[in-house]
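Beneath this line is the structure, given in structure tokens, with notes to follow.
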Amino acid sequence: MALVNEHFLKLPNNYLFADIAKRVNRFKTTHKGVDVISLGIGDVTQPLCPAVVMAMHKAADEMGDAHCFRGYGPEHGYDFLREAILKNDFLPRGIHLDINEVFINDGAKSDTGNIQELIRWDNSIGVTDPIYPVYLDSNAMIGRAGVKDEQGRWSNVEYIPCNAENGFVPSLPKHRVDVVYLCYPNNPTGTVITKAELRKWVNYALKNDTLIFYDAAYEAYIQDDSIPHSIYEIKGARKCAIEFHSYSKTAGFTGVRCGYTIVPKDLTAATISGERIPLNPLWNRRQCTKFNGTSYISQRAAEAIYTPQGKEQVKATINYYMQNAAKMLQTFKELGMEVYGGENAPYIWARTPKGIESWKFFEELLHGAHVVCTPGVGFGPNGEGYVRFTAFGSHERTEEALERIKQWMK
Ligand SMILES: *Cc1c(COP(=O)(O)O)cnc(C)c1O
């Protein structure tokens with residue numbers, strides 16, 4: 001008899017966005033012809049920039065030519081892209097990494113989910129709450145998260161609340177944790193972490209022998225020069241942190257699939273007898289076994305982001321989304337709503353009026369304004385009483401949605 005991994009049965013039945021889609025579809029079938037605008041799911045809408053498209057065409061032509069056709073690439077990615085990453089994303093910030101510390105991935109979701117394979121099943125984990133669901137669900141699948149209670153809390157997880165009451169600044173864990181996940185700029189709250197606050201985390205990690213998994217997927221949206229783009233801007237982080245990057249939100253690669261993970265060579269974890277084991281060779285071993293690399297075409301596409309034209313074009317699209325964010329913030333404030341984020345991230349985190357529940361507000365907004373938001377509670381217990389709006393729409397649709405919300409709120 002093949003026994004199933006019963007840890008899967010502890011997971012909520014639906015992925016949050018599948019649940020939202022189901023409710024929206026139900027609304028659409030009972031309200032035929034009604035035009036619904038989504039400010040919900042975190043997918044981009046603007047096309048790839050010309051520099052990227054050109055690079056993909058060129059790479060496709062190479063693949064069709066016997067002289068430069070490429071089969072399996074290196075599991076950790078091509079050096080042309082790893083070098084471009086070092087030169088553009090890290091050197092200008094004074095961060096010196098070795099090329100073998102860069103692992104090209106097929107998007108950050110895979111690696112943020114897979115990275116927990118490097119640690120024993122009985123490590124304790126901490127997350128800021130609310131949080132991107134992948135971190136906890138991937139730990140739950142192998143039993144590390146424990147069991148879920150009625151409030152949706154996992155028994156073996158230390159939740160670190162981030163809410164209006166603490167200004168979305170996570171305090172250090174009350175109980176020591178072996179591993180902590182941080183995501184900045186944050187999905188879903190759109191808030192950022194200052195260098196001073198991040199330094200506290202690095203120092204905590206060094207002192208307590210805690211591993212930090214740092215998700216920097218929205219780093220390209222940072223507008224304020226004082227906000228760190230990488231945890232390696234903090235001294236000592238090489239000894240305690242793995243960092244994840246993605247081109248999905250940076251350059252509209254949600255359908256192209258490419259990103260990268262940094263595993264520093266100085267980073268170690270202990271065996272039960274106390275021996276220190278470097279994680280970089282372990283991750284390399286894991287990738288060589290379970291991953292056959294990101295497609296050549298996607299990696300050439302990513303390389304093009306770092307050309308002068310690519311940089312300019314990618315920035316223009318980010319500015320486009322950030323204009324949406326600015327308009328949304330302004331409108332919501334005029335309506336007297338309590339809103340956060342949206343200044344260094346494409347997300348706006350809004351407190352629901354009169355403290356009504358996230359899902360209730362979601363339904364009221366859908367029925368009243370025909371606009372879709374994401375219920376905050378879907379991102380964790382501390383998301384209750386909030387909803388997330390994304391700035392990834394077109395200008396026209398975003399403005400239309402704001403106009404409807406204004407009418408509805410009146
Ligand atoms: C979108 C997102 C990612 C990246 O997803 P990809 O797999 O690279 O498309 C990673 N982390 C967070 C928090 C995200 O919102």
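Remember, it's 1-based here, ligands and their atoms both numbered in the order they're listed. Residue numbers count from 1 along this sequence.
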(request) Evaluate the side-chain hydrogen bond (donor to acceptor under 3.5 Å, both in side chains) criterion for residues Tyr260 and Asp89: first the C-alpha distance (whole Å), next the side-chain angles of each, then the deciding distance (0.1 Å), finally the verdict. (result) CA-CA 11 Å; Tyr260 64 89; Asp89 287 348; 2.7 Å; yes
Nearest protein heavy atom to [atom], by residue and atom, and its distance?
{"atom": "atom 15 (O) of ligand 1", "value": "Tyr218 OH, 2.5 Å"}
{"atom": "atom 2 (C) of ligand 1", "value": "Lys249 NZ, 2.5 Å"}
{"atom": "atom 5 (O) of ligand 1", "value": "Lys109 N, 3.9 Å"}
{"atom": "atom 9 (O) of ligand 1", "value": "Ser248 OG, 2.5 Å"}
{"atom": "atom 10 (C) of ligand 1", "value": "Asp215 OD2, 3.5 Å"}

(message) So that I can tick it off, tell me whether Glu101 and Arg82 are bridged by a salt bridge, with the cut-off set at under 4.0 angstrom between side-chain N and carboxylate O.
(response) no
(message) Any donor-acceptor pair under 3.5 Å linking the side-chain atoms of Asp137 with those of Tyr132?
(response) no
(request) Under 4.0 Å from a heavy atom of Asn187: give me the atoms of ligand 1 that qualify, with their elements. (result) 13 (C), 14 (C), 15 (O)
(message) Show the atoms of ligand 1 that are less than 4.0 angstrom away from any heavy atom in Arg257.
(response) 6 (P), 7 (O), 9 (O)
(message) Tyr340 and ring pair (Phe, Tyr, Trp, His ring centres under 6.0 Å): which single residue from Phe168, Phe332, Tyr347 fits?
(response) Phe168
(message) Do Ile242 and Trp283 have side chains that approach each other closer than 4.5 Å (heavy atoms only, starting at C-beta)?
(response) no
(request) Establish, yes or no, whether the cationic atom of Arg388 lies under 6.0 Å from the six-membered ring centre of Phe379 and within 45° of the ring axis. (result) no
